[in-house]
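Reviewing the structure listed below.
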Protein chains: 2
Amino acid sequence: MKEYKDQEEFLKDYDANLYDLLSVTTDILVFSVSDIEVDSYRKLPEKAFSVLLVKRKNYPFKGNWCLPGGFLKIDEELEESPLRILKKETNLDDIYLEQLYTFGGVDRDPRLRVINVAYMALIDKERLNKPLMTDSAWFTVVQNIQDNVIDLTLYNGGNRLECQALMLKSKIRSINDLKLLRNEGLAFDNALVLIMGMLRLKNKIDYTDIIFNMMPNTFTLKELQKVYEVILNKKLHDQAFRRQIANKVVKTDMVKVSGGHRPSTLYRYRYPKDN
Amino acid sequence: MKEYKDQEEFLKDYDANLYDLLSVTTDILVFSVSDIEVDSYRKLPEKAFSVLLVKRKNYPFKGNWCLPGGFLKIDEELEESPLRILKKETNLDDIYLEQLYTFGGVDRDPRLRVINVAYMALIDKERLNKPLMTDSAWFTVVQNIQDNVIDLTLYNGGNRLECQALMLKSKIRSINDLKLLRNEGLAFDNALVLIMGMLRLKNKIDYTDIIFNMMPNTFTLKELQKVYEVILNKKLHDQAFRRQIANKVVKTDMVKVSGGHRPSTLYRYRYPKDN
DNA sequence: CTAATAGTGTCTATTAGACAGTATGTT
DNA sequence: AACATACTGTCTAATAGACACTATTAG
């Protein structure tokens, strides 16, 4: 091995093709909630949980749906890539974004070896200020967890996608803790990305404040509770819920009037000193 | 754009060099604890928290210390890479491993553009059955957190490394939430990897059982408490601690005798149904 | 008045913090 | 006996679950 005087001399001599080269992509799980109107004028609208998908126009997986994403450019910071994609899809700049997991299965893309860094984004649909891109659509996510099997069914108009996985451990930390049982209509390994994201979110809303990224500026406590309930997929006890989030919200002097019942006080999120 | 009959025909035509190519590496934060003997024969040994580092023999960063790691091979599953490295370094197969974060700064490696998937591993040093690799060494980690500045000082014999970062948010989720203030002796961006790993561990031992991956099969409650204390960097209240971990451990019929005082009952970890 | 949601009061069980006290070993 | 750690008991404060009750609106 040649001896170098210093790092500068070493780098001049260095051949970047010495190691295997491959491509890196970023995918983003864009999650949000929306209202579902109910028949009775008196009842409150239900909350639905939804994810943004893009229909693939080209091979591979032509016609299937996939997460918004793209290839990382060689001179682009890793964190810039999801922000760039989100800006393109939603026209929003300040979106809650966190790294979810990096997927690196050898065969996840039939074209070439790809490492995929998946992010999770939470947005408030009311902030959307332009129509979705063509081929993009919100899918309502209906979850069903029984024994150790998680099943997610996605609906958008006539489109219905479904994915299902066996959870091999009680805490899913790695892609190897999940075994995909069914995947109808999702491209690449996006079914597993979606399931991991869903599980991460269900877990994190218990001990963080990230849910407020999906809420409008003002909201009623019942609306907030319904968002918790649709994500956790279980009913919460009203009074217990109010106590638990009491110190995370601030009462405003506004109320929300809706149907034949007492109006509900609107609340804001109480930002901690930092975020 | 050419129209393809099916995915097979499309792939035959596909040029993998269409997108930017780069290299992927995996780094592993191998954390463990060990005893530090104390002067008085009566006192219990203190617990020290430590991380495994490797001295760089070549450029770049020749002479600095770095995390064990390596380049991902093009036909290697992403998760296999850290396992392969751990096997080489520790000769152990069944090690607790979790993905920590994927680092992708444009300039993190002066040789070429690299995306680095960092993992965190927790091991019980008593299980080590072979000496460390040459150039590998355990460094004791001493942490100091004041205001929003975290400072880690690493000791091994005469070697002393130090890194320090400002925490821009109270919950560190992204590399952008940290601002590196000082880095003495650590290669690449390993200082930030180490700090993120340390923070993740501090956070996770409160709501998971991962600490037991660093414990021997049997241990006294005081030993377990001291491991918590050295990681959290604060004293815990004896009785409160015992109550909190009571249902996570099982009493054995063995005791540990050490110095001039009453022997302590040895406990085992109570495995949940799965892990 | 009725249906439906909004919001409060309170009892109880569980958990967390604090502190005091007792137990048991080696030297 | 003295020291050091091991371990238990109990008071109190805070929190969580459960349930009952009152309040307010549109139609």
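Small disclaimer: the values here were computed from a predicted structure and weren't measured. Numbered from 1 within each chain, the chains take letters A, B, ... in sequence-line order.
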Want to settle it: does Gly260(A) or Ala240(A) sit nearer the 5' end of DNA chain D, counting the closest nucleotide to each?
Ala240(A)
When the distance from NZ of Lys222(A) to C1' of dT25(D) is rounded to whole Å, what number comes out?
17 Å
Using atom CZ of Arg242(B) as one end and atom P of dA6(D) as the other, report the distance to the nearest whole Å.
7 Å
Rounded off to whole Å, could you give me the CD-to-C1' distance for the Glu223(B) and dA4(D) pair?
16 Å
Measure from NZ on Lys256(B) to C1' on dT24(C) and round the result to the nearest Å.
18 Å
Take Tyr96(B) and Glu98(B) through the side chain to side chain donor-acceptor pair (under 3.5 Å) test and state the conclusion after the steps.
CA-CA 7 Å; Tyr96(B) 176 89; Glu98(B) 73 169 76; 2.4 Å; yes
Here the pair of heavy atoms bringing Gln143(B) nearest to Val230(B) is NE2-O, 3.3 Å
Rounding to an integer number of Å, can you tell me how far Glu46(A) CD sits from dT5(C) P?
9 Å
dC7(D) phosphate, OP1 or OP2: any side-chain N/O from Ser264(B) under 4.0 angstrom?
yes
Walk me through it: do Tyr267(B) and Phe219(B) pass the test ring pair (Phe, Tyr, Trp, His ring centres under 6.0 Å)?
CA-CA 5 Å; Tyr267(B) 287 77; Phe219(B) 46 83; 7.3 Å; no
Taking only N and O in the side chain of Ser258(A), is any of them less than 4.0 Å away from OP1 or OP2 of dT5(C)?
no
Can you sort out the partners of Glu229(B) under side chain to side chain contact (heavy atoms under 4.5 Å, CB included), two or more places apart, ordered by chain and number?
Gln225(B), Lys226(B), Lys235(B), Leu236(B)
Does a side-chain N-to-carboxylate-O contact under 4.0 Å join Lys222(A) and Asp238(A)?
yes
Are OP1 or OP2 of dG7(C) and a side-chain N or O of Thr265(A) less than 4.0 angstrom apart?
yes
So do the side chains of Ile211(B) and Tyr228(B) get within less than 4.5 Å of each other, counting heavy atoms only?
yes
So which nucleotide does dG27(D) pair with, by the Watson-Crick or G-U wobble rule with both distances under 3.5 Å?
dC1(C)
Any side-chain N or O of Arg262(A) less than 4.0 Å from the OP1 or OP2 oxygen of dG7(C)?
no
With 3.5 Å as the limit, what N/O pairs link the protein to nucleotides 10-15 of chain D?
none

Tyr41(B) or His237(B): which one's nearest nucleotide on DNA chain C is closer to the 5' end?
His237(B)
d(NZ, Lys235(B); C1', dA16(C)) in whole Å
20 Å
Between Tyr267(A) (OH) and dA6(C) (C1'), how many Å, whole number?
9 Å
List for me each residue that meets side chain to side chain contact (heavy atoms under 4.5 Å, CB included) alongside Lys125(A), sequence neighbours excluded, and say none if there are none.
Ser32(A), Ser34(A), Ser50(A), Leu128(A), Trp138(A)
For atom CD of Gln225(B) and atom P of dC7(D), their distance in whole Å:
12 Å
Mind checking if Leu221(A) touches a base, just sugar-phosphate, or nothing, with heavy atoms under 4.0 Å?
nothing
Could you please name the option among dT2(C), dT24(C), dT5(D) that lies closest to any side-chain atom of Pro263(B)?
dT24(C)
